[in-house]
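Note: hydrogens, waters and symmetry copies are ignored here, and every other heavy atom, side chains too, is used. Whatever order the structure lists ligands and atoms in, that order sets their numbers, starting from 1. Numbering starts at 1 and runs along the sequence shown.
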Amino acid sequence: LDELLADGVLGRRVLVRSDLNVPLDGVTVTDDGRVRASIPVVQKLAEAGARVIVMAHLGRPKGEPDPKYSIAPAATKLAEISGLDVRVAGDVVGDSAKQLAAELPDGAVLVLENVRFDARETSKDAAQRAEFAAELAALTGENGAYVNDAFGAVHRKHASVFDIAALLPAYQGDLVATEVRVLKTLTEAPKRPYVVVLGGSKVSDKLAVIDNLLGRADHLLIGGGMAFTFLKAQGHEVGGSLLEADQLETCRGYLSRAKELGCDIVLPTDVVVASKFGADAEHEVLAADNIEGGAFGATGLGLDIGPVSGETFASYIKSANTVFWNGPMGVFEIPAFANGTRAVAGALADSEAFSVVGGGDSAAAVRTLGFNDDDFGHISTGGGASLEYLEGKELPGLTALEGAK
Ligand code: 3PG
């Protein structure tokens with residue numbers, strides 16, 4: 001970005017791809033982390049006199065306008081927090097966007113409507129994406145530039161992330177640069193012991209990352225819904241808990257490979273088992289090898305790791321020099337099932353280790369539970385993106401910037 005600023009941006013229209021994909025409750029932004037993380041680049045450009053055009057997605061609309069997924073609440077937050085002159089277009093590349101972009105004064109910001117309101121944004125057809133990218137680029141008029149600051153979306157081969165970088169002088173935003181620098185530390189030379197905590201509901205979302213981490217991490221702590229498939233793979237019954245039966249073989253394979261590679265997979269030894277999924281569910285703590293032996297029998301649902309496991313996980317974290325955490329340990333939105341996630345977050349907050357919290361869910365979890373961003377080394381704005389980075393996958397948004405200005 002410094003290179004672009006050094007070239008001079010006064011009066012130029014600069015298209016910035018930001019990640020404003022924030023959780024909403026109606027039109028209320030419930031976690032503004034991504035908006036806050038997007039502001040520095042927008043602010044730098046605006047203060048240097050650029051006419052900043054922000055493009056971003058929100059949720060997964062079906063390629064057509066859908067008011068539920070309007071970018072407007074995120075744009076309002078951006079205006080509120082930054083204090084900049086922020087205008088919001090009623091469409092992505094239509095009359096409203098064109099007119100507001102043409103009239104945009106130096107130092108002001110225009111936020112385009114959700115780029116996913118246009119089906120070409122995410123199209124598998126490269127020609128469709130290129131056509132849409134050209135329409136976005138055209139909003140900059142002459143002498144435009146493109147900045148990708150949407151770390152959370154760099155794993156997507158989408159028009160506003162990938163194709164557009166070929167059409168305008170393209171630069172990497174500071175947020176992308178920071179995220180990549182931090183994650184590189186984890187893949188290249190993590191200070192040991194390196195502890196990875198994985199949670200969330202699905203093993204199938206984390207297969208490649210587990211594969212990659214088995215040879216790198218010293219201890220892999222597994223909680224959340226995905227722990228039950230591992231427990232079942234070890235031969236324990238898991239009642240009505242989340243189970244991916246088609247992943248049992250894979251999990252068995254991980255358990256035996258981990259032993260060979262000297263990585264220790266740590267599973268919960270106790271779990272909080274509930275009568276049903278809900279805030280008013282009855283619940284009890286049971287040993288992880290006796291989930292069906294409790295009051296709810298074979299219908300009991302494991303919704304959090306238990307207190308002993310919380311302490312065990314915390315003690316691994318305390319002795320670590322590097323920690324990566326992705327995915328909550330339980331249904332943290334419900335207070336009765338938030339203790340495991342709180343134990344992990346608390347141990348990380350107390351630890352001196354280099355710590356990275358990755359993933360929208362984990363970031364939202366720590367904020368919901370009352371922790372501050374400063375309590376952790378780095379809170380990544382990327383969920384899928386940070387996992388794919390750790391998997392060693394090529395990320396289209398980064399590739400597109402390579403060799404670019
Ligand atoms: C995210 O939430 O991880 C990013 O904003 C990307 O969103 P997506 O998974 O809908 O592409």
Practice problem: Give a yes or no on whether Q99 atom CD has more than 12 heavy-atom contacts from other residues, nucleotides or ligands under 6.0 Å away. | Solution: no

Quiz item: Hey, does D19 come in under 3.5 Å of ligand 1, counting only N/O atoms on both sides?
Solution: yes

Quiz item: More than 12 heavy atoms of other residues, nucleotides or ligands under 6.0 Å from CG of D125: is that the case?
Solution: yes

Quiz item: Where do R120 and E135 land on the salt bridge (charged side-chain N to carboxylate O under 4.0 Å, His left out) test, with the steps shown first?
Solution: CA-CA 11 Å; R120 294 172 297 174; E135 288 174 31; 2.8 Å; yes

Practice problem: Kindly check if the number of other-residue, nucleotide or ligand heavy atoms within 6.0 Å of CD (E284) is above 12? | Solution: yes

Quiz item: Are there more than 12 heavy atoms of other residues, nucleotides or ligands under 6.0 Å from atom CG of N372?
Solution: yes

Practice problem: Starting from atom 4 (C) of ligand 1, locate the nearest protein heavy atom and write down its residue, its atom name and how far away it is, to 0.1 Å. | Solution: G152 O, 3.3 Å

Quiz item: By number and element, which atoms of ligand 1 are closer than 4.0 Å to a non-hydrogen atom of R60?
Solution: 8 (P), 9 (O), 10 (O)

Exercise. Just need the protein heavy atom nearest to atom 11 (O) of ligand 1, so name the residue and atom and give the distance.
Key: R156 NE, 2.6 Å

Quiz prompt | Heavy atom of the protein closest to atom 7 (O) of ligand 1 (residue, atom name, distance) | solution = H57 NE2, 3.1 Å

Quiz item: Should we count CD of E282 as having more than 12 external heavy atoms under 6.0 Å?
Solution: no

Quiz item: With a 6.0 Å cut-off on ring centres, are F296 and H283 close enough?
Solution: no

Self-check item: Atoms in ligand 1 with a heavy atom of N21 nearer than 4.0 Å
Solution: 1 (C), 2 (O), 4 (C), 5 (O), 7 (O)

Quiz item: N/O of H158 under 3.5 Å from N/O of ligand 1, yes or no?
Solution: no

Quiz item: Tell me, which protein residue and heavy-atom name are nearest atom 3 (O) of ligand 1, and how many Å apart are they?
Solution: R34 NH2, 3.4 Å

Quiz prompt | Residue part near ligand 1, for R116, under 4.0 Å between non-hydrogen atoms | solution = side chain

